[in-house]
Engineer: 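My questions all concern the structure below.
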Number of protein chains: 2
Amino acid sequence: MLTKTPHLFDDATRVSAGDSRWQGRTSEDYWAFVGPFGGATAATILRALIDHPQRSGDPLALTVNYCAPIAQGDFDLDVRLVKANRSTQHWSVELTQGGGDVATLATAVFAERRPSWSHQQAQIPRATPFEQTLPYAKVAASWVKQYDYRFVEGEPNLADRPNTAPASAFSKLWIGDRVPRKIDALSLVAMSDAFFARIFHARRELVPFGTVSLTTYFHADADDLAKQDVTRVLGVADAKIFHKSFGDQSGELWSPNGRLLATTTQIAYFKA
Amino acid sequence: MLTKTPHLFDDATRVSAGDSRWQGRTSEDYWAFVGPFGGATAATILRALIDHPQRSGDPLALTVNYCAPIAQGDFDLDVRLVKANRSTQHWSVELTQGGGDVATLATAVFAERRPSWSHQQAQIPRATPFEQTLPYAKVAASWVKQYDYRFVEGEPNLADRPNTAPASAFSKLWIGDRVPRKIDALSLVAMSDAFFARIFHARRELVPFGTVSLTTYFHADADDLAKQDVTRVLGVADAKIFHKSFGDQSGELWSPNGRLLATTTQIAYFKA
């Protein structure tokens, strides 16, 4: 079975099925400086689970630990259903290359989400509409080109580093695939790693950086997302602390009509 | 090797070492309604890693997936060092009982944290001092008795359910071990699951509830925590959304002098 659609995101996160061992391949389109864009890796892992014949329910939680760099080329995904309950499943995935050490370690929870009391306490942040917001033009890495970023607030200003005072790490921006693609769980997990590093904002400079661990929760199941039928989200991201070479990020991904689709948090390495 | 100290939290999260298989036992002191307090389970898993002879560095990130109920009694911890780098380690832990299915699945990142640029963007929330805040008196489950909760804001009001309008899920409270114990990574991870369920606050009633996945990031290493030398934290917790039987929680744990020690997020099942 080969999942294949015309969109380059789907090409980039394509997997071919095995029994417990699946295969994927890094994508030139989603290449970062020293390896694949972490969001593409996370989405590839999630795709293997969604496509798995034993899968039931929709993604609820995904944690991805980036253990070592992934080299250009093929990789294997060892997929294991650790525990299945009546309405939830617990999975683990290990990404390796050429039989080597684990490069990425992930756990996921899938759930058949049943009707319940529903209440969204959080409100979508105010933002200028997508159409009235300027696209972000300063694009370097290959993977960044695959997204249409439109900063409402907190556009990174790397050229202008006036003094030593830390700048705000907060950003509010529209994010869509550059070639529009309907938002699904795969793009949500990729976009949850698509915020620029908070340290770049706080320091107003590029420094060596890498996501170490990423967790995303999905607050909409496949039915909810199908009903939303959107191709972009309003994202907000912020950091609380940078200390001893590691910093955090928390983020939210909102549908334009005010529905919270996913929340995400990560801890990342930096050198500064 | 048996980790043993007089404090009941250390008794409750005691582990005995194996090679890759460690042993632990549920604690009466930290019992919840249908199983052990999830924070105690998480702390026991973290303790096995901290005590592991191959461990280097301090806890940076811990994700615990609660797959199935844990019965009263002994359990095994299958501990695996998945990948070791120069300054980080990636671990996975599976908790089983009597050779059965995995009941808890965890991944952890440890890091030797090197000096760097340091900046805490977040500020400690204003709060009345611990000494001037009333202890929370309505205590039901055994594990709740092990904590000294002092609500500054958002004390759960379960008796008074006036109408159908959702109440705020936000809480701000002091949390310490009832028998004072110096805050370390183990108590931070336990306390990150010690907030009352957000759904109880939002609904103003107790409903069936269970943490499904918990992630905690540590923003202080062992040296930092030793220097803090505190026995309680100011905790804040909130939720963004309850939908189709699952709701989120995000939280912060602050030292009284304003240092952010840990951030935590979880997704939980509820029936309402």
Side-chain angles (χ1 to χ4, degrees), chain A residues 60-61 63 65 67-68 82-83 85 87-88 90 92 94 101-103 105-107 109 111 113-122 166 168-170 199 202-203 207 212-213 215 217 219-221 224 238-248 250 252 260 263 265-267 269-272, chain B residues 60-61 63 65 67-68 82-83 85 87-88 90 92 94 101-103 105-109 111 113-122 166 168-170 199 202-203 207 212-213 215 217 219-221 224 238-248 250 252 260 263 265 267 269-272:
Chain A
L60 179 72
T63 293
N65 295 325
C67 309
V82 173
K83 174 72 182 167
N85 297 314
S87 60
T88 56
H90 290 267
S92 84
E94 294 183 9
D101 284 355
V102 173
L105 173 66
T107 66
V109 185
R113 301 186 67 158
R114 301 194 172 132
S116 76
W117 183 68
S118 193
H119 171 53
Q120 182 182 293
Q121 179 174 288
S168 168
F170 177 77
I199 186 79
R203 295 271 303 178
V207 297
V212 174
S213 184
T215 290
Y217 299 148
H219 304 299
D221 64 15
D224 296 328
D238 207 352
K240 296 194 169 79
I241 186 167
F242 306 92
H243 178 67
K244 287 190 178 172
S245 307
F246 294 92
D248 72 310
S250 57
E252 302 166 2
L260 182 59
T263 47
T265 184
Q266 66 171 257
I267 191 137
Y269 166 82
F270 68 88
K271 191 170 178 181
Chain B
L60 179 71
T63 292
N65 294 325
C67 309
V82 173
K83 173 73 182 168
N85 297 313
S87 59
T88 56
H90 290 266
S92 83
E94 294 182 9
D101 284 355
V102 173
L105 173 66
T107 66
V109 185
R113 300 188 66 158
R114 301 197 170 128
S116 77
W117 183 69
S118 195
H119 170 53
Q120 183 182 292
Q121 179 174 289
S168 168
F170 177 78
I199 188 79
R203 296 271 302 179
V207 298
V212 174
S213 184
T215 290
Y217 298 148
H219 303 300
D221 63 16
D224 296 329
D238 207 352
K240 297 194 168 80
I241 186 167
F242 305 92
H243 178 66
K244 286 188 179 173
S245 307
F246 294 92
D248 71 310
S250 57
E252 303 166 1
L260 182 60
T263 48
T265 183
I267 192 137
Y269 166 83
F270 68 87
K271 191 169 178 182

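Every chain is numbered from 1, with letters handed out A, B, ... down the list of sequences. Hydrogens, waters and symmetry mates are skipped; everything else that's a heavy atom, side chains included, is used.
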Engineer: Is there side-chain contact between B:K244 and A:D221, with at least one heavy-atom pair below 4.5 Å?
Structural biologist: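 Of all side-chain heavy-atom pairs linking A:D221 with B:K244, at least one is under 4.5 Å.
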
Engineer: Please give me the minimum heavy-atom distance between B:A169 and A:Q121, naming the atom from each residue.
Structural biologist: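 Looking at all heavy atoms of both residues, the closest pair is N-OE1, 2.8 Å.
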
Engineer: Where does B:I267 contact chain A at under 4.5 Å (heavy atoms): side chain, backbone, both or neither?
Structural biologist: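 For B:I267, backbone and side chain are both near chain A.
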
Engineer: Which one wins on heavy-atom pair count under 4.5 Å against chain A: B:G247, B:A122, B:A220, B:C67?
Structural biologist: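 Most heavy-atom pairs under 4.5 Å with chain A: B:C67.
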
Engineer: Quick one: are B:L60 and A:V212 in side-chain contact, heavy atoms under 4.5 Å?
Structural biologist: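 Of all side-chain heavy-atom pairs linking A:V212 with B:L60, at least one is under 4.5 Å.
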
Engineer: Taking the side chain as every heavy atom from C-beta outward, state whether B:K240 and A:T263 have any atom pair closer than 4.5 Å.
Structural biologist: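 Sidechains of A:T263 and B:K240: in contact.
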
Engineer: Taking all heavy atoms of B:Y217 and all of A:T215, pick out the closest pair and write down the distance.
Structural biologist: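 What the structure gives for the nearest pair is OH-N, 4.1 Å.
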
Engineer: Could you check if a side-chain atom of A:H243 sits within less than 4.5 angstrom of a side-chain atom of B:L260, using non-hydrogen atoms only?
Structural biologist: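 Counting from C-beta outward, A:H243 and B:L260 never come under 4.5 Å.
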
Engineer: Sequence neighbours left out, what passes side-chain hydrogen bond (donor to acceptor under 3.5 Å, both in side chains) with B:K83? Give chain and number order.
Structural biologist: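 For B:K83 the side-chain hydrogen bond (donor to acceptor under 3.5 Å, both in side chains) partners, ignoring immediate neighbours, are A:D101.
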
Engineer: Among residues at least two apart in sequence or on other chains, which ones pass ring-ring contact (aromatic ring centres under 6.0 Å, His included) with A:H119?
Structural biologist: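 A:H119 satisfies ring-ring contact (aromatic ring centres under 6.0 Å, His included) with A:W117 only.
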
Engineer: Which one of A:D238, A:V207, A:D224 has the most heavy-atom pairs closer than 4.5 Å to chain B?
Structural biologist: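 The residue among A:D238, A:V207, A:D224 with the greatest pair count is A:D224.
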
Engineer: Closest heavy-atom contact between A:S245 and B:P115?
Structural biologist: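 Of all heavy-atom pairs spanning A:S245 and B:P115, the closest is OG-O, 4.0 Å.
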
Engineer: Carefully, step by step, assess A:H219 and B:D248 under the rule side chain to side chain contact (heavy atoms under 4.5 Å, CB included).
Structural biologist: CA-CA 9 Å; A:H219 304 299; B:D248 71 310; 3.7 Å; yes

Engineer: What residue, out of A:A239, A:S250, A:S87, A:S116, has the most heavy-atom pairs lying under 4.5 Å from chain B?
Structural biologist: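 Winner by heavy-atom pair count: A:S116.
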
Engineer: Non-hydrogen atoms of chain B under 4.5 Å away: do they reach the side chain of A:A202, the backbone, both or neither?
Structural biologist: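 Contact with chain B: backbone and side chain both.
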
Engineer: Side chain, backbone, both or neither: which part of A:T63 has a non-hydrogen atom closer than 4.5 Å to chain B?
Structural biologist: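 Contact with chain B: side chain only.
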
Engineer: For each of A:H90, A:E252, A:E94, A:Q120, tally heavy-atom pairs with chain B at distances under 4.5 Å, and name the one with the top tally.
Structural biologist: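 Top count of heavy-atom pairs under 4.5 Å with chain B: A:H90.
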
Engineer: Non-hydrogen atoms of chain A under 4.5 Å away: do they reach the side chain of B:T88, the backbone, both or neither?
Structural biologist: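 Only the side chain of B:T88 comes within 4.5 Å of chain A.
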
Engineer: Non-hydrogen atoms of chain B under 4.5 Å away: do they reach the side chain of A:V109, the backbone, both or neither?
Structural biologist: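 Contact with chain B: side chain only.
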
Engineer: With no hydrogens and no angle check, do the side chains of A:T107 and B:N65 hold a donor and an acceptor under 3.5 Å apart?
Structural biologist: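 There is such a pair (donor and acceptor under 3.5 Å, judged by atom type) between the side chains of A:T107 and B:N65.
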
Engineer: Tell me which of these, B:T265, B:I199, B:V82, has more heavy-atom pairs under 4.5 Å with chain A than the rest.
Structural biologist: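 Between B:T265, B:I199, B:V82, the count favours B:T265.
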
Engineer: Report yes or no: does B:N85 contribute a side-chain atom to a donor-acceptor pair with the main-chain N or O of A:A68 at less than 3.5 Å?
Structural biologist: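 No: the side chain of B:N85 does not pair with the backbone of A:A68.
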
Engineer: Can you tell which part of B:F270 gets under 4.5 Å to a heavy atom of chain A, answering side chain, backbone, both or neither?
Structural biologist: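 For B:F270, the contact with chain A is made by the side chain alone.
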
Engineer: If you round to the nearest 0.5 Å, how far is CZ of A:F246 from CZ of B:R114?
Structural biologist: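 With rounding to 0.5 Å, CZ (B:R114) is 8.5 Å from CZ (A:F246).
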
